[in-house]
Structure formats: C-alpha cells, structure tokens
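Take a look at the structure below.
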Number of protein chains: 2
Amino acid sequence: MSERRARASTVDKRNRLLDATEEIMLRDGYAAVSSRSVAARVGINPPLVHYYFATIDDLFVAVLRRRSLRNVARMAEALAAAEPLTQWWRLASDPRGSALFIELIAAANHRPALRAEVGEVAREVREMQIERLRSLLPEYGIDPEAIAPALVAAAMQGLAFGLVQDQGAGYDTATADAAAGMNRLLSRLEQRRAAAVSGS
Amino acid sequence: MSERRARASTVDKRNRLLDATEEIMLRDGYAAVSSRSVAARVGINPPLVHYYFATIDDLFVAVLRRRSLRNVARMAEALAAAEPLTQWWRLASDPRGSALFIELIAAANHRPALRAEVGEVAREVREMQIERLRSLLPEYGIDPEAIAPALVAAAMQGLAFGLVQDQGAGYDTATADAAAGMNRLLSRLEQRRAAAVSGS
DNA sequence: GTCTATATTGAGATAGAC
DNA sequence: GTCTATCTCAATATAGAC
C-alpha cells in the first residue's frame, strides 16, 4: 500500500508546509520563502499555500510559534537540569535551532507582524534566563553584582548566535577555538558549582 | 548658488549611491535594496544604477568594502588605544555600524559573492583581535589558558551584535541592564590593568 | 481542498537614443 | 553619463471551476 498515501489531514498538511518553510529558510534563507518555493517542496500548487496561510507573514509567524513553543519548553528544562549552564549552552549553540532563529530575526526586521511575535518570545526567554541566573550565579562562584545576570544571559545568546552563524557561513573566525574554550570554561564552572552545592 | 549644484563627478555619484544603499538597508533592510529604490533615493533613473554597479551583488560588495576599510582601521586603533577593551566595546556596540553589518551578514547568507567578502573581513578582524588579546588578557588579570582569546573575541562581538539588534528592533530583553553591566565590568578591568601595568 | 487561470506589482537587466 | 523603453522573470494574492 505504499502507493496509496492517505489524504493528508488539514493539520498534517499545515505541518508539512511549516516543515518545508523551515527547510527552505535553513538552506536558502528567509528571502527564498515564497508561496511558489514552499508549494514546490510540498508538491502542491502555489495558490493552495494561501488557503492554509492567508499571507506569507502568517506563514512565518506560524513557523516561529511552533518552534518557540518547543524551545521555550527546552530552555525551561535546561535551566532546571543538573548542569544548567552547560545545558543552556548546548541548546543555544544547536545549529538547527539557532540558524532558524537568525533567519526569523532577520526576516522580522522588515515584517512588523513577525517582529511583534519575535519580540514577545525573546522577552519571555530572556526573563526566564535572568530570573534563574539570580540564584544560579552565586552557586557558580560568580558575584551577580560584579557580573550582572542580564549580561551573562545576553553574552551566552550572543556568543552562541555568532558561533553558529560563522560556522554555518563557513567564516574562518576561529570558531573551533572559541567553542573549545567555552566548553572548558563551562566544565570548570560546573565543577565549582558541584563542589559548592555539595559543600553547603 | 544653492540652486546650481555642480554635476556630480563619477566618484561622487558612486559614493552617493553607496550612501543611499546604506540608508535603505538601515531603514528597511537589505531586501529593500533594488536598482529602483536606490535610484529613487538619489534622484536618478533605475538603469543608471547598473551603469555604476553592473549587478546588485556588486553594489552590496562595494558597500561592504567601503565600510570595512573604515572599520578595520578603527578596530586597529581601538586595540592600540589606552583602554583597548573599552574602545573595542564602544566600536562593536555602535548602533549604526553594527546594524549595517547585521544586514550585510544576513544578505550574505544567500549571496555567494557577498559571502566571500564578508568572510574575508570577518577573518581579518578576528585574527587581529585574537592576536592582540594574547598579550592583553594577562594585563587585565585574565589567564588566557582559562579563558581563551578566541572565546573573548567571539563573546565581545556576539554580545554587541545581540544588544544592538535587540535595541534596534525594540525587543524588551533587558538590554539596558546588560549594557550597564558590561560598562561596569569594563571599568573594573581597565582599573585592574592600569594598576598591573603601572606596578610592573 | 485542490486546481487553473490570471491580476497586479516589482524585481534585475539590457538596448539604444541623446 | 543619462535617459526612455522594454524584456523577462517571479512575487503575492484572488477568482472561480471542479
């Protein structure tokens, strides 16, 4: 019965359109997303895309919503894990997720509807991170007065984005050295925290 | 004689086209750059843009080259200044320059000709920063074995890009707190270095 | 739900007159 | 150098048949 693929339900088709959109964004950038390109990838006709997503803005917003629902949950898990900073770093420097967010952010810069959504997600995630860092930094032996939680959060995300971007584009900016250095730093911090927490 | 503006020389016109391109990129994003939009801003006809820059890729590459010539020189100055890290930070977190680079990098992600140029500039700047950090980090009281120069360089740039991006887009991600924290950190580091250098 | 057909808009680029 | 005119292509989106 491999031939007789059941007619995809509306929800399935929506998800396949979102998958296709993500793949196009990752491979060719957000500017390559169009009703034509998405339709071609899914194997339907361009106008049908508009049946599911009235405008291209709606499509981008849906991609963002689906991703960020997952990612907010994953960030919450990471921050509650045994080695929070390390898990956060793994999540932030995951090429797939980050590369997609870079495209969404770039797209949002000239799509107001998308910008509002991105802003909301960014705010929520950052708030969660900062709140967690308030109690976490002392455990890692870092004085929150000396190094502000907001600074740590912004640096983690900015660093991860930069590394993923440079690696993805193939820029020769010593990304391997930076990543290795970050991993060494993280393991030292986790060791320090483990000792401090068990000792208290 | 304010009325009788002299016919702009070829070089002037080229520069005016580059200025217009930058302004459009900053205001509406790189995707808004076209022979039509640039021509309208300068007050000439679209085909004339192609006379000066055969393709839109050439136009983007020229914008990048002009900017990066300035910025590489400025980075070299910053790294040689009395307070190198502070000057570097000022330069990296300058909204105008950074916002433009964000657009160029996003554009480069789907314009191979531009990508090659961006990669070359990124590599050159990063190499310069890392080389300088090798001798600089110990002066700031930072062990380069513990915190790798490549990591510091990537973090500085990533942090600055993130802050500028979030501020520009109006995202409420505690950017003011992060910036204030960075300034505090920098002044402590500069004090430490001043003491260490004068004391040796 | 899915298609064909099409309206509209704007892009990049070129030809050729002046 | 600068213009008008135009070619070609692809984008978003809608109308309407099936």
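These numbers were taken from a predicted model, which means no experiment stands behind them. Letters A, B, ... mirror the listed sequences (proteins, then strands); counts begin at 1.
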I need the CZ-P distance between Phe53(A) and dT12(D), as an integer number of Å. 14 Å
List in chain and number order the residues that pass ring pair (Phe, Tyr, Trp, His ring centres under 6.0 Å) with Phe60(A), two or more places apart in sequence or in another chain; answer none if no residue qualifies. none
Asp58(A) has an atom CG; how far is it from atom C1' of dA13(D), in whole Å? 13 Å
Does any pair with a residue in residues 90-101 of chain B pass side-chain hydrogen bond (donor to acceptor under 3.5 Å, both in side chains), and if so which ones, sequence neighbours excluded? Gln87(B)-Arg90(B)
Residues 143-159 of chain A side chain polar contacts: donor-acceptor under 3.5 Å, at least two apart:
unit_1    : atom_1 : unit_2    : atom_2 : d
Asp143(A) : OD1    : Glu145(A) : N      : 2.9
Gln157(A) : OE1    : Trp88(A)  : NE1    : 2.8
Gln157(A) : OE1    : Gln129(A) : NE2    : 3.1

Protein N or O to nucleotides 4-7 of chain D N or O, pairs below 3.5 Å:
unit_1 : atom_1 : unit_2   : atom_2 : d
dT4(D) : OP2    : Asn45(B) : ND2    : 2.4

With sequence neighbours left out, what residues match Asp57(B) under side-chain contact (heavy atoms from CB on, under 4.5 Å)? Thr55(B), Arg111(B), Ala113(B)
Under 4.0 Å, heavy atom to any atom of DNA chain C: which of residues 18-34 of chain B qualify? Val33(B), Ser34(B)
Provide, to the nearest angstrom, the distance between the CG atom belonging to Leu48(A) and the P atom belonging to dC3(C). 6 Å
Phosphate OP1/OP2 of dT2(C) contacted by Tyr52(A) side-chain N/O (<4.0 Å): yes
Carboxylate-amine/guanidinium contact Asp19(B) Arg66(B), below 4.0 Å: yes
Under 3.5 Å, which donor-acceptor pairs link side chains of residues 166-181 of chain B to any protein atom two or more places apart or in another chain?
unit_1    : atom_1 : unit_2    : atom_2 : d
Asp166(B) : OD2    : Thr173(B) : OG1    : 2.7

I need the full list of salt bridge (charged side-chain N to carboxylate O under 4.0 Å, His left out) pairs touching residues 35-55 of chain A, with sequence neighbours left out, sorted by first then second residue. Glu23(A)-Arg41(A)
How close or far is atom P of dA10(D) from atom CD1 of Ile56(B), stated in whole angstroms? 17 Å
Can you tell me how far C1' of dT14(D) sits from NE2 of His50(A), to the nearest Å? 9 Å
Taking only residues two or more places apart in sequence or in another chain, which ones pass salt bridge (Lys or Arg N to Asp or Glu O under 4.0 Å) with Arg193(B)? Glu139(B)
